[in-house]
Structures are given as C-alpha cells and as structure tokens.
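Just follow the structure's listing: the first ligand is 1, and inside any ligand the first atom is 1. Each residue takes its place number in the sequence, starting with 1. Since the model is a prediction, treat every value here as computed from it, not as a measurement.
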Amino acid sequence: MGSSREAVVAFRSVSKVYGTGEGAVRALDEVTVVVPRGGFTAVMGPSGSGKSTFMNVAAGLDDVTSGEVLVAGEPMHLRDDRARTILRREQVGFVFQSFNLVPTLDVRENVLLPFELAGRRLTGEERGWVDHLLEVLGLSGRMSHRPGELSGGQQQRVAIARALAPRPAVVLADEPTGNLDTRSSREVLGLLRTAAREYGQTIVMVSHDPVAASYADRLLVLADGRLVGDHAGMSPPQIAELLIGLEEGAA
Ligand code: ADP
C-alpha cells in the first residue's frame with residue numbers, strides 16, 4: 001500500500017568517516033532520519049557540516065562507514081557500486097546548480113535522456129506526462145532550442161523536467177538556484193514545491209539560502225556531521241536566525 005507516510009529515503013545511524021587515525025573526518029555522525037513520500041525537504045548547515053556527504057550517500061554515490069541507508073526500500077549499504085548505479089539510475093533524479101544539460105541536445109532530447117540512458121522507449125502514458133511537464137514548465141515553445149539558446153532559469157526548468165520525467169522515487173537538488181537571479185529562483189522553487197504538492201514527488205534540496213529553504217515543508221539542519229535540527233516549514237527570517245546561531249556556535 002502506498003501510504004502517504006511511506007519512507008522514500010531512510011538513514012539509520014549512518015556514519016561516514018573519511019580517512020583514518022589522526023586525520024579521520026566524521027562527515028556524517030550517527031544520522032537517523034526518514035524522508036516520506038511527497039515531502040519537500042531542505043538540508044542546511046554550515047560549510048563542512050556534511051550536506052554534500054548526506055546527498056552523496058542518499059544517491060548511492062558514496063558508501064557508508066556504518067549504519068543503514070534505504071532508498072525506495074532498497075538497502076543501499078548492502079549493495080556494490082554496480083547495483084547502486086542501477087538503483088540510482090532507476091530511482092534518483094538530480095538537479096544541479098550548474099544545470100548539467102547536454103549542450104548538443106535540444107530541450108526535448110535533454111528531457112528524454114533518462115529514458116535513453118535506461119535504453120527504453122516511453123509508453124504512451126509517459127509521453128503524455130512528459131508533454132504535460134514541458135507545458136507546465138513553460139517549455140513547450142522551446143522544444144528545439146539547445147541549452148545555449150536558453151536563459152539560466154529556462155535551463156534549470158529543463159533540468160527539472162528531466163529529473164521529474166521518469167518519476168524517480170526521489171529528486172536530489174543541490175543548490176538549484178545558486179546560479180539564478182531572484183525572479184528565476186522563485187520560479188524554480190515554486191515548481192519544485194508544486195512537484196511535491198501536486199505530483200507527490202519527493203524532493204531533497206541542499207541550499208544555504210534561507211529564502212530557498214523556506215519553500216520546503218521541512219528543514220533538516222546538519223552541524224559537524226550530526227543532525228541537529230528537524231523543523232517544519234519556517235519563514236526566511238526564522239531560518240536565517242537559526243543558521244546564524246549555528247555559525248556562531250561553530251566559531
Ligand atoms: P558540506 O557539503 O556541508 O560543505 P561535506 O559533506 O562536503 O560538507 O563535508 C563534510 C566533511 O567531510 C568536511 O570536513 C569535509 O572536509 C570532509 N570531506 C568531504 N569529502 C571528503 C573526502 N572525499 N575526503 C576527505 N574528507 C572529506
């Protein structure tokens with residue numbers, strides 16, 4: 001049964017240690033958290049607090065030192081690189097700060113790339129879904145444009161369409177508005193929020209921008225690899241205050 005509280009990503013006592021002995025760095029320290037389906041979660045914390053490691057582990061790009069990581073019910077910590085790559089291809093979508101579109105492909109080809117990489121044709125239903133996404137994201141009139149012919153905001157909308165198209169278990173977004181102006185940022189964040197609320201798409205986003213994080217319905221806070229905060233949606237000033245407190249604590 002697909003309960004609305006179904007866990008899409010679950011960390012159980014996850015630790016990730018880089019290096020050994022004196023030089024060892026505990027990038028994640030006993031992190032336990034469950035991300036349920038349809039949630040839009042922001043991950044924040046000072047530089048070096050473990051945000052990238054958190055995302056890499058959730059994506060199966062990094063293995064863990066101890067603990068359990070479940071993605072779409074699959075135990076990532078028990079899988080080898082190859083199995084994790086397959087799981088990532090099938091279950092995880094990515095949105096990056098730098099858009100990461102293929103410059104030689106047009107908009108539609110970029111959005112269809114996940115299907116191409118998986119070596120499978122779209123069903124009629126999926127074709128309808130992709131057309132719907134392109135329409136909702138305002139890209140219908142730009143189908144044959146290449147990324148270089150689009151603004152930053154438009155490129156990021158293509159990247160969002162590409163991430164949502166295969167309906168992955170989770171979309172991981174890393175500073176998705178880091179290269180955008182204020183107006184495009186708001187558009188992109190609004191679209192991510194819509195994807196979560198209306199399509200039930202689970203989204204985990206790293207951002208250090210309090211305005212960006214305020215679009216999420218949940219805020220996870222990391223400090224020194226530990227999960228030190230788990231809050232329901234907050235306003236930008238509340239988030240800014242929280243972060244200032246953390247940075248002062250670290251100083
Ligand atoms: P954030 O994304 O919050 O800046 P990171 O997850 O990148 O934090 O890093 C957490 C800690 O782990 C930092 O102290 C960082 O230096 C360390 N770290 C990250 N990746 C590596 C690596 N590949 N080798 C060694 N140390 C690493």
> What pairs with Ser98 under side-chain hydrogen bond (donor to acceptor under 3.5 Å, both in side chains), at least two apart in sequence or on another chain?
Replying inline: Asn100
> In a check of side chain to side chain contact (heavy atoms under 4.5 Å, CB included) between Thr41 and each of Val35, Leu219, Thr202, which one passes?
Replying inline: Val35
> Within the side chain of Arg88, is there an N or O that forms a donor-acceptor pair under 3.5 Å with the backbone of Gly60?
Replying inline: yes
> Who pairs with Glu30 by side-chain hydrogen bond (donor to acceptor under 3.5 Å, both in side chains), at least two apart in sequence or on another chain?
Replying inline: none
> What do the steps show when you test Leu220 against Met44 for side chain to side chain contact (heavy atoms under 4.5 Å, CB included), and what is the final call?
Replying inline: CA-CA 6 Å; Leu220 299 178; Met44 301 193 91; over 6 Å; no
> Applying salt bridge (Lys or Arg N to Asp or Glu O under 4.0 Å), which residue pairs with at least one partner in residues 112-121 are found, sequence neighbours left out?
Replying inline: Arg120-Glu126
>> Heavy-atom contacts with ligand 1 below 4.0 Å: which residues, ordered by chain and residue number?
In response: Tyr18, Val25, Ala27, Pro46, Ser47, Gly48, Ser49, Gly50, Lys51, Ser52, Thr53
